[in-house]
Each structure stands twice: as C-alpha cells, then as structure tokens.
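Quick notes on the structure that follows.
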Amino acid sequence: MTTHTESPAAEPSERRSWLREHSELGVCVLLLALGALVLTDALTMDVDITQRGPVGPKTVPVVVGVGLLVIAALLAVDVLRGGRGEAEGGEDIDLSEPADWRTVLLLSGVFLGAAVLIEPLGFPIAGALLFWGSAFALGSRRFDRDPLIAAVLSLVTYAVFNNLLGVPLPGGPLMGVL
C-alpha cells in the first residue's frame, strides 16, 4: 500500500496556474455582480402605479440585469469548458512585461481631479484639464499644442451637450461668456 503525498508548495502553484488559465472567470464575476446590482436596484425601485404605462420604468433595468446574469453564466460555462478569448489580430502586447501602474495612477488622478473640479470650475475648464492631463499621462509632451487642443475639445463637447443635445453641463465662471 502506497500513500501519495504532495508537497505543500505544489498546491498553491497549481491553483495559480489554474486561475491564470481561467482568468476570464473574473469577467464572469464582474458581470454577475453588476447584473445583481442592476436587478436589485430595479426591483426595489419605488414606482407609483399611476405614473406608469404598459411598460414601466422597471422594464429596461430588469431586462438588462437578467441579460447580464445570463451572459455571465454562459461565459462561465464556456470558460470552464476550455473556451478562451482570441487575441486581436493587431495586438502587439508583451504579456511578460509588468503593467504600467504609473500611467494608470496618473489617469485615475486626472479623472478624479476633473470630477472634483467640474462643479466649481465648470465643464469647459475641468474638461480641458481632463483632456490635457490624459494626453500628458499617456505620454504626450507637446506643451505648445496639447493645452490648446484640450481647450477646443472641451468647448466643442460643452457646446454639443449643452446646446445641441440639451444636456445641461455646469459652465462655472465661464457661464456668462459661453
């Protein structure tokens, strides 16, 4: 009678290997959580019966939530059966290189900064800072051109949303000028 003993180091290594081979399950978990959140919000929505017609305000969120849950389940089954996402034909990513956390943190900081500044400064200024900061974080160092392009993009975006689409954006100190 022989007993089979495994080294304790082999188990975590095998687990990591399995997780790496099935990393798409992370997307399944994200879709599942998002679907549960959407369904919870939709089903707990307080809707007055006199305000709704044949299709109420809960309909679309319920359909989207159920769709997210179904897609999460189908994707999980596909991944567990050995399915893998295909790399795009033009991808030239070296997966052995570490992630560029500096760029991720810079972009996150620029985005959060714009979110904080949009109310006091208005969208045109906060948007220009967002566009320029994003270009800087992604590697552009054209200090003569980038702020001008960012300002034009921000003003055009403000005009399209505010004037053409009727979506009011905060104008900030420029409200009287624009």
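For R141, the CZ atom counts as densely surrounded, since its 6.0 Å shell holds more than 12 non-hydrogen atoms of other residues, nucleotides or ligands.
L153 is not connected to L165 by any chain of hydrophobic side-chain contacts under 4.5 Å among Ile, Leu, Val, Met, Phe, Trp and Tyr, and they are in different clusters. V64 is not connected to V29 by any chain of hydrophobic side-chain contacts under 4.5 Å among Ile, Leu, Val, Met, Phe, Trp and Tyr, and they are in different clusters. By the rule that hydrophobic residues join a cluster once side-chain heavy atoms approach within less than 4.5 Å of another member, L138 and L148 end up as members of separate clusters. Hydrophobic clustering places V160 together with Y158 (ILVMFWY residues linked when any side-chain heavy atoms are closer than 4.5 Å, directly or through intermediates). Residues L106 and L112 do not share a hydrophobic cluster, defined by chaining ILVMFWY side chains whose heavy atoms lie under 4.5 Å apart.
In this structure, CG on L37 lies 11.5 Å from CG on L32, to the nearest 0.5 angstrom. Atoms CG and CG, from L80 and L25 in turn, are 5.0 Å apart once rounded to the nearest 0.5 Å. The OG1 atom of T44 sits 7.5 Å away from atom NZ of K58, with the distance rounded to the nearest 0.5 Å. Annotation: the span from L130 atom CG to F123 atom CZ amounts to 7.5 Å, rounded to 0.5 Å. Of the inter-residue distances, the one linking L68 atom CG with L30 atom CG reads 9.0 Å to the nearest 0.5 angstrom. In this structure, L129 CG and L117 CG are separated by 6.5 Å, a value rounded to the nearest 0.5 Å.
Closest approach of C28 to A72, counting heavy atoms only: O-CB, 3.6 Å. The nearest pair of heavy atoms linking A128 to A150 is O-CB, 3.4 Å. When all heavy atoms of V79 and E24 are compared, the pair lying nearest together is CG2-CB, 3.5 Å. Shown here for S154 and P124, the closest heavy-atom pair between the two residues is OG-O, 2.6 Å. Closest non-hydrogen pair, D146 versus A135, comes out as OD2-CB, 4.4 Å. Considering all non-hydrogen atoms of both residues, T103 and A137 come closest at CG2-O, 3.5 Å.
With a 4.5 Å cut-off on side-chain heavy atoms, V62 and L39 count as touching. Counting heavy atoms from C-beta outward, L107 and S134 have side chains that approach closer than 4.5 Å.
Of the candidates T157, I149, V110, T157 is the only one forming a side chain to side chain contact (heavy atoms under 4.5 Å, CB included) with F131.
Between D144 and R142 there is a salt bridge, with a side-chain nitrogen of the basic residue lying less than 4.0 Å from a carboxylate oxygen of the acidic one.
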